Amino acid sequence: MADKLFNCRFAREFANVNLICFPWAGGGSNFYALWGKDLPDFIEVHAITLPGRESRFKEPCLKELNPLVDDLVEKIYNKFCKKKFAFFGHSLGSLLSFEVARKLKNKYNIEPLKMFISGASPSHSSYRKQDPKFGKMTDAEFKIFLEKLGGTPKEILDNDEIMELYLPALKADYCLLDQFDFQPEPGKVVVSCPIQMYDGDHDKKHDDDAWKELTSGTFSLQFLPGGHFFLKEKSNIDYLLDSISKNLA
């Protein structure tokens, strides 16, 4: 199953860093997998494919967070425990990648070289109390939420047949967002790897200070033009790939 979990379109024979990318809610792996074409040869991209989409379309979507995280921890450890790796996650992917990182550290005492996160506040932030409870939304309410959020093309939102295929994975992922509840102990280091945060300058405010509290490593924040899905813009993709390359060089 690990071969279905990790989407690596551009294998790099001499890569010395593996960039493991975690999807946003409802997202697949292909967006990140394509980064492997444009990143330098020393970085190999492994984009995570969650159940219920792409090559795993026939598998049931996972609605429980802990089993998903535990499975990712074991698969990532088995594949990368003797290799250098870094994490990138956007929105849900930021939260998911951090859960995996802290459990890898707790269980196996290994960490990413660096974590790249964007578009989210961490689980212990008071900012997340303002988020709606997605598991309680009707399909109609959820569709209105998606329209306001952006990122889902209008032709998909207006097509009932496509939405019938698209909604199960999307709602399952948003149900996962309701379940992130990790609360760090005051003064206790959770991870020691550096964290680089990116955010859209027109997205809602995210709690960078709360992310900073979670690591004893360095923390930096960079705003890029755009809203919640700023990372889909070509100019921002170019910036992100350049920034990731420099950070991992």
Side-chain angles (χ1 to χ4, degrees), residues 5-6 17-25 27 29 32 45-48 50 62 64-77 79-81 84-129 131 134 173-200 203-222 228 231 240 243-244 247-248:
L5 176 64
F6 300 108
V17 181
N18 298 276
L19 181 64
I20 304 170
C21 299
F22 294 74
W24 57 81
S29 60
Y32 292 124
V45 175
H46 299 265
I48 287 181
L50 297 179
L62 291 180
E64 298 295 327
L65 178 63
N66 287 335
L68 172 60
V69 171
D70 290 344
D71 182 62
L72 290 172
V73 167
E74 295 308 313
K75 297 289 194 338
I76 290 173
Y77 176 77
K79 189 174 181 68
F80 299 105
C81 64
K84 295 178 181 178
F85 61 91
F87 285 170
F88 184 98
H90 176 71
S91 198
L92 168 68
S94 293
L95 291 157
L96 193 55
S97 66
F98 183 79
E99 282 295 297
V100 172
R102 75 176 187 87
K103 289 193 174 183
L104 278 170
K105 183 174 177 64
N106 287 344
K107 187 171 183 179
Y108 295 113
N109 198 32
I110 64 171
E111 291 184 83
L113 288 174
K114 189 152 192 168
M115 293 192 65
F116 302 95
I117 59 171
S118 74
S121 298
S123 59
H124 69 290
S125 169
S126 60
Y127 286 38
R128 296 200 71 241
K129 294 178 181 178
D131 292 343
F134 299 103
D173 287 357
Y174 274 96
C175 285
L176 295 176
L177 280 169
D178 293 343
Q179 300 170 52
F180 288 95
D181 59 3
F182 172 69
Q183 299 292 320
E185 297 178 29
K188 184 177 180 181
V189 172
V190 182
V191 295
S192 60
C193 58
I195 296 178
Q196 168 68 56
M197 182 176 181
Y198 307 100
D199 230 343
D203 197 1
K204 69 178 183 180
K205 174 81 168 93
H206 294 116
D207 195 347
D208 52 293
D209 286 333
W211 281 115
K212 195 182 304 183
E213 295 169 357
L214 295 174
T215 181
S216 61
T218 59
F219 176 89
S220 54
L221 170 63
Q222 177 65 50
H228 188 64
L231 77 170
L240 288 170
S243 175
I244 291 168
N247 272 278
L248 295 179

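Because the structure is a prediction, the values reported are computed rather than measured.
Remark: the Ser125 side chain and the Asp207 side chain contain an N/O donor-acceptor pair separated by less than 3.5 Å. In this structure, a donor-acceptor pair under 3.5 Å is absent between the side chains of Gln183 and Ser123. Checked by atom type, the side-chain pair Ser118/His90 shows a donor-acceptor distance below 3.5 Å.
Here the straight-line distance linking atom CG of Leu104 with atom CG of Asn109 works out to 10.5 Å at 0.5 Å rounding. Once rounded to the nearest 0.5 Å, the distance linking CD of Glu213 with CZ of Phe219 reads 10.5 Å. Distance check: Ser94 OG to Glu99 CD gives 12.0 Å after rounding to the nearest 0.5 Å. If you take CD1 on Ile117 and CZ on Phe22, they are separated by 12.5 Å, rounding to the nearest 0.5 Å. Ser220 OG to Phe116 CZ: the interatomic distance, rounded to the nearest 0.5 Å, is 9.0 Å. To the nearest 0.5 Å, atom CD1 of residue Ile20 and atom CD1 of residue Ile76 are 4.5 Å apart.
Taking 4.5 Å as the limit, some side-chain heavy atom of Leu96 sits within range of a side-chain heavy atom of Leu65. At least one side-chain heavy atom of His124 sits under 4.5 Å from a side-chain heavy atom of Leu214. Using a 4.5 Å heavy-atom cutoff, the side chains of Ile48 and Leu5 are in contact. Between Pro67 and Leu62, the closest side-chain pair of non-hydrogen atoms is not below 4.5 Å. For the pair Lys103 and Lys105, the minimum side-chain heavy-atom distance is 4.5 Å or more. Residues Lys107 and Tyr77 form no side-chain contact, since every pair of their non-hydrogen atoms from C-beta on lies 4.5 Å or further apart. In this structure, the side chains of Gln196 and Gln222 come closer than 4.5 Å at one or more pairs of heavy atoms. Residues Tyr108 and Val73 form a side-chain contact, since some pair of their non-hydrogen atoms from C-beta on lies under 4.5 Å apart.
In terms of heavy-atom proximity, Trp211 sits nearest to Pro122 at NE1-CD, 3.4 Å. Considering every non-hydrogen atom in both Leu68 and Leu176, the closest pair reads CD2-CD1, 3.7 Å. Across all their heavy atoms, Ala86 and Leu248 have their closest contact at CB-CD2, 3.9 Å. Closest non-hydrogen pair, Cys193 versus Met115, comes out as SG-CG, 3.7 Å. The two residues Pro194 and Leu113 make their nearest non-hydrogen contact at CD-O, 3.2 Å. Here the shortest heavy-atom pairing between Val190 and Arg102 reads CG1-CB, 3.8 Å.
Asn247 places a side-chain N or O within donor-acceptor distance of the main-chain N or O of Ser243, the cut-off being under 3.5 Å. The closest donor-acceptor contact from the side chain of Ser91 to the backbone of Gly93 lies at 3.5 Å or more, if one exists at all.
A centroid separation of less than 6.0 Å is found between the aromatic rings of Tyr32 and Phe88. Residues Phe85 and His46 place their aromatic rings such that the two centres sit no closer than 6.0 Å.
Within 6.0 Å of NZ in Lys188 there are 12 or fewer heavy atoms belonging to other residues, nucleotides or ligands.
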Margin query: Between Leu231 and Leu240, is the side chain to side chain contact (heavy atoms under 4.5 Å, CB included) condition met? List the steps.
Written below: CA-CA 8 Å; Leu231 77 170; Leu240 288 170; 3.7 Å; yes
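Using a cut-off of 4.0 Å between Lys/Arg side-chain N and Asp/Glu carboxylate O, Glu74 and Lys79 are scored as not salt-bridged.
The aromatic rings of Phe182 and Phe98 are tilted relative to each other, their planes meeting at an angle between 30° and 60°.
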